[in-house]
Structure formats: structure tokens, C-alpha cells
Protein chains: 2
Amino acid sequence: MHANLISHISKYIELDECSIEVINKYFKPTDYKKKEFLLQEGQVCKSLHFVEKGCLRMYFINNKTTEQITQFAMENWWITDFFSFLDKKPSPYFIQTVENSHILSIDSVSYDAMLQELPLMERYFRIIMQRTVAASQLRVKYMYELSKEEFYLHFCNSFPQFIQRVPQYMIASYLGLTPEYVSELRKKNLS
Amino acid sequence: MHANLISHISKYIELDECSIEVINKYFKPTDYKKKEFLLQEGQVCKSLHFVEKGCLRMYFINNKTTEQITQFAMENWWITDFFSFLDKKPSPYFIQTVENSHILSIDSVSYDAMLQELPLMERYFRIIMQRTVAASQLRVKYMYELSKEEFYLHFCNSFPQFIQRVPQYMIASYLGLTPEYVSELRKKNLS
DNA sequence: GCTATTTCTTAAACCAGCTTAATATTTTTG
DNA sequence: CAAAAATATTAAGCTGGTTTAAGAAATAGC
């Protein structure tokens with residue numbers, strides 16, 4: 001049960017049978033169909049989510065009209081609106097499945113309780129959060145360093161699995177481009 | 001000794017006298033004059049730095065010519081190139097003082113040793129890293145949501161202390177604007 | 001205080017990427 | 001399979017913000 005989660009955690013800390021059981025008990029598994037919402041604008045983001053299988057996107061509504069995607073999450077990725085999750089403030093984000101997905105969720109009360117019961121998990125999450133900070137430093141660097149065309153090409157090379165699984169207009173949104181411009185870039189760079 | 005650091009950690013975890021001594025022993029204090037470097041491009045970023053007093057900036061060189069600032073750090077902020085620090089890879093960044101500064105640094109070996117000796121610190125850094133992730137989610141949201149003019153005005157309102165202490169062209173760089181455009185915005189929005 | 005250096009301003013020409021609007025293609029659903 | 005919905009393309013016109021180049025003002029060093 002929760003095979004991907006347990007094997008992911010095991011990469012960073014030593015887990016005995018007993019700890020595995022404790023972890024399994026704190027996470028609530030849910031199956032979602034494509035386009036179901038885990039969070040909607042205005043709600044407090046009550047849970048931290050782990051993607052066992054599938055794909056999620058997080059987005060907000062820009063100028064009251066367009067969806068601006070800020071994050072994707074696939075297998076073995078964590079996702080939440082941390083501000084909302086930590087401070088219990090209403091979130092400006094939607095979190096929605098892009099495909100049918102199997103998600104493990106832990107609400108903030110359980111999260112604190114789990115960290116209390118199993119202090120080893122402090123270490124796991126410290127390491128995961130550090131890696132997340134590293135990744136976001138890199139993302140910001142690319143945003144400042146690359147033109148939008150270069151940013152798009154770099155993304156295609158770095159994450160080819162996304163191109164397969166996520167519609168082009170969502171990738172455009174995530175990169176801060178218009179779908180029309182991505183279309184132009186594809187034409188230019190394919191032929 | 002290390003008064004700001006200890007009081008910052010105490011906000012998140014309970015520290016007894018003994019733990020305080022352990023922490024103090026792991027951090028190396030250094031005074032830097034304005035414009036001294038803590039890290040230069042090509043070096044491995046060996047330490048995680050805490051600003052007791054002063055101001056740092058982190059930047060890289062864009063198109064081999066212009067300095068692109070990605071982060072500032074003032075009193076009670078942590079700064080490092082996490083990719084370089086964690087994976088011991090050469091860094092593309094410079095970390096430099098903007099003012100005379102008093103900095104506490106811990107290299108990665110000492111960091112691991114401290115976390116071993118004082119597992120409570122896993123919790124402190126887990127919490128700090130979570131807050132850092134929250135802040136960077138918010139930063140990316142603003143980058144996508146606001147025009148460059150709005151982004152500049154928002155920054156001025158949110159961090160007035162920066163406007164006092166950091167030259168305008170560095171703020172322009174941090175926000176991804178040209179200094180010329182910031183000049184134009186000031187003129188437009190002041191009068 | 002004087003000089004050099006750093007920082008800031010002004011203004012005109014320019015362009016990467018957006019907007020708009022219409023059409024075409026692909027996928028989903030009954 | 002047919003119709004509807006979702007996704008992708010094309011092309012022309014436009015604009016927010018950059019580039020370039022010069023000079024002005026402020027700050028720091030001696």
C-alpha cells in the first residue's frame with residue numbers, strides 16, 4: 001500500500017516496518033477522474049498531496065479571465081499551496097487533475113501529528129523542501145536568463161514526458177506564453 | 001554571541017543552554033566590507049549563510065555581460081545556492097555584500113554534523129525551508145500575475161526597507177527590469 | 001573640498017511576444 | 001458513427017518594455 005510514497009521516503013531515510021505502518025495510516029488515498037478538483041479558489045488548502053499515479057496542475061485566474069498554471073505534479077511529486085496550507089489562509093489557487101490520478105493526501109493536523117509521532121520524517125521533509133527550494137532557484141534563474149523561445153525549447157528538452165501527457169496550451173500557460181506563440185515556435189523549430 | 005540566529009531559531013523550536021552552545025560552535029562568524037564576495041561563479045558554494053547584520057545579493061552574469069540578481073538577503077535571512085551546496089556542483093552565482101555585513105556561515109559537512117548532533121534542528125530547517133517554498137510560490141505568482149510596472153510598485157510597497165538600502169539599479173535587476181525603465185516608472189508614479 | 005566613480009535620468013527608435021479573429025484539427029461523448 | 005467539445009494553427013496588427021546613447025546627479029575616496 002502507498003508503494004511509491006514509501007519507496008520515495010526510503011530514498012532519504014531508513015524506514016522499519018513499524019514506521020511504514022505509521023506513515024501509511026496518516027495518508028488518505030483518493031482516486032480522482034480527469035479534471036476533478038482537489039482545491040478551489042477561496043478554500044483553505046487543507047492538505048499536502050503526493051502523486052502516486054497521474055498528473056495534477058495548480059493554477060490561478062489571471063485578470064479574471066485566463067488560467068495561469070504555476071505548477072505541475074506527476075508521480076512522486078508533492079504539491080500544495082504552502083501559504084494556505086501552513087497559515088490556514090484562503091488560497092487563490094485551483095489544484096486539478098490533468099489525468100485520472102491516485103493521490104495520497106495528509107491534512108495539516110495529521111501532518112503535525114505524524115511529525116510528532118515519527119520525528120524521522122522531519123528529516124525527510126527537510127530534505128524534500130531543500131530540493132524544492134533548489135529547483136525553484138533554478139526555475140527563477142531560467143526565467144531571467146532565457147528568452148521565451150529558449151525557455152520553451154529548454155522545457156521541451158528537459159521534460160519530454162510533459163509534452164506527451166499534457167496539452168500544449170497548458171504547457172504554454174505554465175511557461176507564461178500564449179498558445180498562439182507556442183504554435184508559432186513549434187512550426188519554426190520542427191521543420 | 002550569534003544573538004539574531006539564536007533568537008530566530010527560538011521562534012520555531014525550544015532551545016536549552018546546551019543546544020545553544022552546540023549551535024554557536026557550528027557557525028563561523030565573519031565580517032565583510034561592502035562589495036566583498038562570499039561566493040564567485042565557478043566555485044562550489046560550500047556554505048549556508050545567515051545574515052546577522054547587513055545585506056547580501058546573489059546574482060549571475062546574463063549573456064556574458066549583465067548582472068542578473070535573483071535574491072537579496074537581509075537580517076535573519078538565509079542564503080545559499082542550494083543546488084551547489086547540496087550536490088557540490090560549481091555554482092553559476094556570485095554572492096556579494098551590498099553593505100558591510102556580519103555573516104554566520106556553516107559548511108555542508110558541519111551542517112550534516114550539526115543535524116546529527118542536534119536532531120531538533122531538522123525541525124527548524126524543515127520549517128524554514130517550507131516557508132521559503134511558500135515565499136517562492138508567491139514570488140512566481142506575482143511574476144505571472146503582474147505587469148512589470150505593477151510588479152515594481154508592488155515591490156516598493158511590500159519591501160520599503162529595500163528601497164532605502166539598495167541602489168535602484170539593483171532593484172531593477174532583481175525585478176527583471178532595465179534601470180532606464182525603472183527611472184521612467186518613478187517619474188510617472190511620483191509626481 | 002576636489003576628483004573619480006557610481007548611480008540615475010531622458011528620449012527616440014525598435015522588437016519579441018501578445019491580441020484578435022477566424023479556421024482547422026483532434027478528442028470525447030452519446 | 002456523428003455531433004459537440006476541446007485543442008491547435010495561421011496571420012496581421014499592435015504595444016510594453018528594451019536598447020542605445022548621452023548627459024546629469026549623487027556618493028565615496030583621497
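Proteins come first, then strands; the chains are lettered A, B, ... in the order of their sequence lines, and each starts at number 1. These figures come from a predicted structure and were not determined experimentally.
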For the residue pair A:Y142 and A:H154, categorise the inter-ring angle as parallel (less than 30°), tilted (30 to 60°) or perpendicular (more than 60°). tilted
With under 30° as parallel and over 60° as perpendicular, where do the rings of B:H8 and B:F50 fit, or are they tilted in between? tilted
Give the rounded distance in Å between these two atoms: [atom1] of [X] and [atom2] of [N].
{"X": "A:K148", "N": "D:dG16", "atom1": "NZ", "atom2": "C1'", "answer": "12 Å"}
{"X": "B:L153", "N": "D:dG17", "atom1": "CG", "atom2": "P", "answer": "11 Å"}
{"X": "A:K188", "N": "C:dA16", "atom1": "NZ", "atom2": "P", "answer": "8 Å"}
{"X": "A:E150", "N": "C:dA16", "atom1": "CD", "atom2": "P", "answer": "12 Å"}
{"X": "B:M143", "N": "D:dG16", "atom1": "CE", "atom2": "P", "answer": "20 Å"}
{"X": "B:E99", "N": "D:dA28", "atom1": "CD", "atom2": "C1'", "answer": "15 Å"}
{"X": "B:L175", "N": "D:dG17", "atom1": "CG", "atom2": "C1'", "answer": "14 Å"}

Exercise: do A:E117 and A:Y26 side chains pair donor with acceptor under 3.5 Å: yes
In sequence, state the C-alpha distance, the side-chain angles, and the governing distance for A:S136 and B:V140, and then conclude on side chain to side chain contact (heavy atoms under 4.5 Å, CB included). CA-CA 9 Å; A:S136 88; B:V140 168; over 6 Å; no
Positions of residues 161-169 of chain A (non-hydrogen atom under 4.0 Å from DNA chain D), listed by number: A:P167, A:Q168, A:Y169
B:Y174 vs B:F155, test: ring-ring contact (aromatic ring centres under 6.0 Å, His included). Steps then yes/no. CA-CA 10 Å; B:Y174 174 70; B:F155 181 85; 5.7 Å; yes
For nucleotides 10-14 of chain D, list the nitrogen or oxygen atoms of the protein found under 3.5 Å from its nitrogen or oxygen atoms, one pair per line.
{"unit_1": "D:dA11", "atom_1": "OP2", "unit_2": "A:K187", "atom_2": "NZ", "d": "3.4"}

Quick check on [X]: does its [atom1] atom have over 12 non-hydrogen neighbours (other residues, nucleotides or ligands) under 6.0 Å away?
{"X": "B:K28", "atom1": "NZ", "value": "no"}
{"X": "B:K141", "atom1": "NZ", "value": "yes"}
{"X": "A:E21", "atom1": "CD", "value": "no"}

Contacts of type side chain to side chain contact (heavy atoms under 4.5 Å, CB included), residue A:K35, not counting sequence neighbours: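 In terms of side chain to side chain contact (heavy atoms under 4.5 Å, CB included), with neighbours along the sequence ignored, A:K35 is linked to A:Q96.
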Bend angle of the helix from C:dG1-D:dC30 to C:dG30-D:dC1, from helix axes over five pairs at each end, nearest 10°: 60°
The residue, B:K34 or B:T178, whose nearest nucleotide of DNA chain D is more 5′ is B:T178
Taking side chain to side chain donor-acceptor pair (under 3.5 Å) as the test, write out the residues that go with B:N100, two or more places apart.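 So B:N100 forms no side chain to side chain donor-acceptor pair (under 3.5 Å) with any residue.
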Show me the donor-acceptor pairs, under 3.5 Å and distance only, between side chains in residues 73-80 of chain A and residues at least two apart or in other chains.
{"unit_1": "A:E75", "atom_1": "OE1", "unit_2": "A:R165", "atom_2": "NH1", "d": "3.0"}
{"unit_1": "A:E75", "atom_1": "OE1", "unit_2": "A:R165", "atom_2": "NH2", "d": "3.4"}
{"unit_1": "A:E75", "atom_1": "OE2", "unit_2": "A:K53", "atom_2": "NZ", "d": "3.4"}
{"unit_1": "A:E75", "atom_1": "OE2", "unit_2": "A:G54", "atom_2": "N", "d": "2.9"}
{"unit_1": "A:E75", "atom_1": "OE2", "unit_2": "A:R165", "atom_2": "NH2", "d": "3.1"}
{"unit_1": "A:W78", "atom_1": "NE1", "unit_2": "A:Y124", "atom_2": "OH", "d": "2.9"}
{"unit_1": "A:T80", "atom_1": "OG1", "unit_2": "A:S47", "atom_2": "O", "d": "2.9"}

Please figure out whether A:L177 or B:K35 has its closest DNA chain C nucleotide nearer the 5' end.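 Of the two residues, B:K35 wins.
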State whether A:S147 places a side-chain N or O below 4.0 Å from either non-bridging phosphate oxygen (OP1 or OP2) of C:dA16.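 A:S147 to C:dA16 OP1/OP2: no side-chain N or O under 4.0 Å.
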Quick one: is D:dA8 close enough that its OP1 or OP2 comes under 4.0 Å of any side-chain N or O from A:R186? no
